[in-house]
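Please read the structure below before turning to the comments.
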Amino acid sequence: MDYIKKASDQLRQLITEALGKTIADGIFPAVPVPDFNIEIPADKSHGDFASNIAMVCAKAFRTAPRKIADAICEKIDLNDTLFEKCEVAGAGFMNFFLSRKWFSDVVKNVLTENDSYGKTGLGNGKKILVEFVSANPTGPMHIGNARGGAIGDCLVSVLQWAGYHAEREFYVNDAGNQIEKFGKSLSLRYMQLCSAKGQQAIYNCMSDTEKLCNDIYDRSGEGQDFEMPDDVYLGKDIIEHTANYYKQHLFELENVSEEERRKALVDYALPLNIAGLERDLKKYRIVYDTWFRESKLHESGETMKIVDKLRETGHTYEQDGAIWFKATDFGVDKDFVLVRANGIPTYVVPDIAYHYNKLVTRNFDKAVNILGADHHGYVPRLKSALTALGVDADKLDVVLMQMVRLVRDGEVVKLSKRSGKAITLVTLLDEVPIDAARFYFNLREANSQFEFDLDLAVEKSSQNPVYYVQYAHARICSLLANLTAEGIEIPDSADLDILTNSREIELIRHLATLPKEINLSAKTYDPSKITKYAIDLATLFHRFYDACSVKNAETPELMNARILLCMAVRQVLRNVLSILNIESPEKM
């Protein structure tokens with residue numbers, strides 16, 4: 001139950017009925033009533049809700065707003081409603097105050113719905129496929145993938161809580177140029193190991209694979225023992241794969257063709273990399289519904305079918321032996337190549353086929369992609385091709401994500417102290433708790449620049465936002481445990497109407513906004529609204545707890561009411577942290 005929406009809908013009906021009475025009584029003319037707003041004022045001393053009805057009707061009624069507001073206020077019937085008072089302020093602003101019963105019902109509703117409190121029916125079961133991370137399988141995941149993973153995973157949870165059928169998908173780029181580059185890199189490193197210098201390096205390092213990899217890596221580059229060209233991957237992971245393959249197969253691939261050698265090495269290393277991605281993401285608490293392979297699009301012929309469809313509908317032309325897409329017909333700044341003169345499709349073709357598969361073949365109502373900000377020029381091209389294929393391009397939504405900077409001791413961190421390499425997802429999780437990483441990466445909107453403070457993320461203080469939120473939950477658990485230990489019975493019910501302290505009212509009002517925040521987060525694809533909600537809830541609880549004694553309340557009745565309020569806050573904190581897939585500790 002969304003009690004904010006319930007109150008807003010009832011208030012609109014009450015205002016409409018009161019306005020109808022004024023027209024029936026001849027106070028105002030029978031003319032169409034303009035649309036009016038129901039809103040929540042920033043300053044709650046002005047009321048819990050406000051409306052601009054008098055302002056928007058002034059022109060239609062040819063009457064001053066204040067007079068209209070006074071007439072509505074006189075006619076409105078608040079008996080047996082969620083409201084107890086209506087006031088007119090200034091030139092005709094109408095302010096409405098909720099009844100004590102509304103606040104009591106909010107607490108009761110939280111305790112009744114328990115783990116389901118906050119869930120809404122906004123999505124009405126519509127199917128949404130969220131694709132995120134989709135890191136290149138030729139190497140480890142970087143910090144951008146860590147942020148994209150946290151945002152994408154939590155977004156799916158938000159969408160599910162908002163009533164959508166949302167799924168997680170990882171798109172595995174296991175075909176194309178990057179795999180060719182991967183094969184070339186592996187082949188070069190393998191042949192280095194087969195060389196006399198490679199054999200000497202192996203002899204020097206004996207069975208220590210890590211030492212071997214470091215030795216070859218340090219001796220690679222211009223003028224070094226193992227020179228590598230610019231168009232290959234230079235990471236130690238490439239050396240490690242070839243070293244492990246060599247240990248198992250020795251010189252088996254030394255005298256075969258380059259094509260055969262590359263294929264054998266890719267067939268060996270790529271599945272290990274993909275399994276590693278899946279393993280590392282599971283450690284990060286991300287489990288995908290689908291791992292969709294690009295190679296399947298090529299094997300099934302779906303990639304070239306896209307080109308054929310675009311040619312058949314007249315959206316392509318040939319130039320210099322290549323097939324071009326008429327992107328400028330769809331508002332894109334320039335046309336682009338679909339198939340090169342050598343007959344090989346460009347990278348965009350399988351991407352078009354992939355999104356066609358999402359929206360047409362698998363019939364998702366929406367496809368949402370979490371992409372780096374450097375993809376901003378790619379999105380219009382993709383949407384233009386989908387439009388040309390007869391697909392509603394508005395079914396594809398893209399969240400562009402800015403990169404994150406790691407900071408330690410106030411300075412930007414580029415290397416891991418432990419390994420001396422660029423910090424990856426795995427090395428980050430070696431330093432920072434998973435809860436902190438997931439929470440921090442959702443602290444800001446995806447399109448905002450973000451600094452991740454490594455020192456603060458591990459700090460156990462109120463300055464650390466995830467610790468601050470989890471501590472609020474643990475504080476309530478400790479309170480209830482201590483009360484029970486002292487023989488104080490935890491009540492099943494209480495007179496909640498006596499919760500009238502301003503700290504109590506603020507806290508209950510915030511509890512009531514969770515369904516609204518979940519809907520807003522789902523509509524805007526912004527999980528950071530959930531972390532902000534959690535921080536605000538923790539702040540309001542700590543203020544309440546410091547100002548309103550539970551155990552030493554003025555009366556037993558007030559103590560029981562406050563205990564139930566604490567239990568409601570604990571439940572909402574659990575629900576919010578579960579959306580973020582973050583633990584709710586009972587002790588800290």
Side-chain angles (χ1 to χ4, degrees), residues 103-104 106-118 285 432-440 456-496 498-499 501-512 514 530-588:
F103 290 93
S104 299
V106 168
V107 177
K108 291 176 184 176
N109 185 54
V110 172
L111 295 174
T112 298
E113 294 192 6
N114 288 316
D115 294 343
S116 294
Y117 177 72
R285 300 181 190 149
V432 175
I434 296 171
D435 285 342
R438 292 180 64 91
F439 198 93
Y440 265 75
L456 188 58
V458 298
E459 187 175 300
K460 295 181 179 180
S461 77
S462 60
Q463 300 303 308
N464 181 345
V466 66
Y467 182 88
Y468 184 66
V469 172
Q470 289 178 316
Y471 177 64
H473 181 271
R475 196 176 192 184
I476 298 171
C477 292
S478 295
L479 166 67
L480 296 175
N482 291 337
L483 290 173
T484 300
E486 293 180 29
I488 298 174
E489 185 176 350
I490 304 300
D492 294 325
S493 62
D495 180 9
L496 298 171
I498 62 177
L499 297 174
N501 184 284
S502 61
R503 295 299 190 199
E504 296 164 342
I505 295 301
E506 283 182 302
L507 188 52
I508 297 171
R509 187 184 284 114
H510 193 67
L511 293 178
L514 179 58
I530 304 303
T531 55
K532 182 180 185 302
Y533 176 91
I535 294 169
D536 289 345
L537 179 57
T539 299
L540 291 171
F541 171 74
H542 291 310
R543 288 176 183 170
F544 152 78
Y545 191 75
D546 293 340
C548 303
S549 175
V550 178
K551 179 184 173 183
N552 298 313
E554 290 85 341
T555 67
E557 291 77 17
L558 183 58
M559 179 186 70
N560 287 338
R562 285 176 176 170
I563 288 174
L564 291 184
L565 176 55
C566 289
M567 291 173 67
V569 174
R570 180 181 64 170
Q571 184 63 62
V572 173
L573 284 169
R574 280 180 181 172
N575 292 359
V576 170
L577 290 173
S578 75
I579 293 172
L580 301 168
N581 202 358
I582 290 172
E583 293 179 351
S584 301
E586 296 188 1
K587 294 180 180 180
M588 292 183 71

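One distance of note links CG of L507 with CG of D536; it measures 11.5 Å at 0.5 Å rounding. Note that CG of L499 is 6.0 Å distant from CG of L565, once rounded to the nearest 0.5 Å. Note that CZ of R562 is 7.0 Å distant from OG of S549, once rounded to the nearest 0.5 Å. I505 contributes atom CD1, which lies 12.5 Å from atom CG of L540 (distance to the nearest 0.5 angstrom).
The two residues C566 and F544 make their nearest non-hydrogen contact at SG-CE2, 3.7 Å. In terms of heavy atoms, A568 sits closest to V107 at CB-CG1, 4.0 Å. Closest non-hydrogen pair, A457 versus P433, comes out as O-CD, 4.2 Å. Of all heavy-atom pairs between I488 and K551, the closest is CD1-CG, 4.4 Å. Taking each heavy atom of E583 and R285 in turn, the nearest pair found is OE2-NH2, 3.6 Å.
Between the side chain of N575 and the main chain of G118, no donor-acceptor pair closer than 3.5 Å is present. Judged purely by atom type and a 3.5 angstrom limit, Y117 uses its side chain to pair as donor or acceptor with the backbone of L511. Judged by distance alone, with hydrogens and angles left aside, the side-chain atoms of D546 form no donor-acceptor pair with the main-chain N or O of R543 at under 3.5 Å. Of the possible donor and acceptor atoms, none in the side chain of R574 sits under 3.5 Å from a partner among the backbone N and O of D115.
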Check the pair I434, N581 against side-chain contact (heavy atoms from CB on, under 4.5 Å), reporting the backbone distance first and the verdict last. CA-CA 10 Å; I434 296 171; N581 202 358; over 6 Å; no
Using the rule given for side-chain contact (heavy atoms from CB on, under 4.5 Å), can you reason through Y468 versus T539, listing the C-alpha separation, both sets of side-chain angles and the distance that settles it, and then say yes or no? CA-CA 8 Å; Y468 184 66; T539 299; 3.2 Å; yes
Does the salt bridge (charged side-chain N to carboxylate O under 4.0 Å, His left out) test come out yes or no for E506 and R503, once each step is laid out? CA-CA 5 Å; E506 283 182 302; R503 295 299 190 199; 3.3 Å; yes
Would you check, one step at a time, whether the test side-chain contact (heavy atoms from CB on, under 4.5 Å) holds for L564 with M567? CA-CA 5 Å; L564 291 184; M567 291 173 67; 4.0 Å; yes
Could you go through Y533 and V576, starting from their C-alpha distance and side-chain angles, then the distance that decides it, and tell me whether this counts as side-chain contact (heavy atoms from CB on, under 4.5 Å)? CA-CA 8 Å; Y533 176 91; V576 170; 3.8 Å; yes
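Considering only heavy atoms from C-beta on, K460 stays 4.5 Å or farther from N464 through its side chain. Under the 4.5 Å side-chain criterion, counting only non-hydrogen atoms from C-beta, I535 is in contact with F439. Contact check for L496 versus V106: no side-chain heavy atoms found under the 4.5 Å cut-off. The shortest side-chain heavy-atom distance between F541 and L573 does not fall under the 4.5 Å cut-off. Proximity of I563 to P491: side-chain heavy atoms (C-beta onward) are separated by under 4.5 Å at one or more points. Side-chain contact check for D495 versus L558: every heavy-atom pair is 4.5 Å or farther apart. Using a 4.5 Å heavy-atom threshold, the side chains of K587 and C477 count as separate. Annotation: side chain of I582 is in contact with side chain of Q470 (closest heavy-atom distance under 4.5 Å).
Environment of CG in D492: sparse, with no more than 12 heavy atoms of neighbouring residues, nucleotides or ligands closer than 6.0 Å.
Neither side chain, Y440 nor T531, offers a donor N or O lying under 3.5 Å from an acceptor on the other. For E486 and N482, the side-chain atoms include no donor-acceptor pair closer than 3.5 Å.
Residue pairs meeting the ring-ring contact (aromatic ring centres under 6.0 Å, His included) criterion with at least one member in residues 471-494, sequence neighbours excluded, are Y471-H542.
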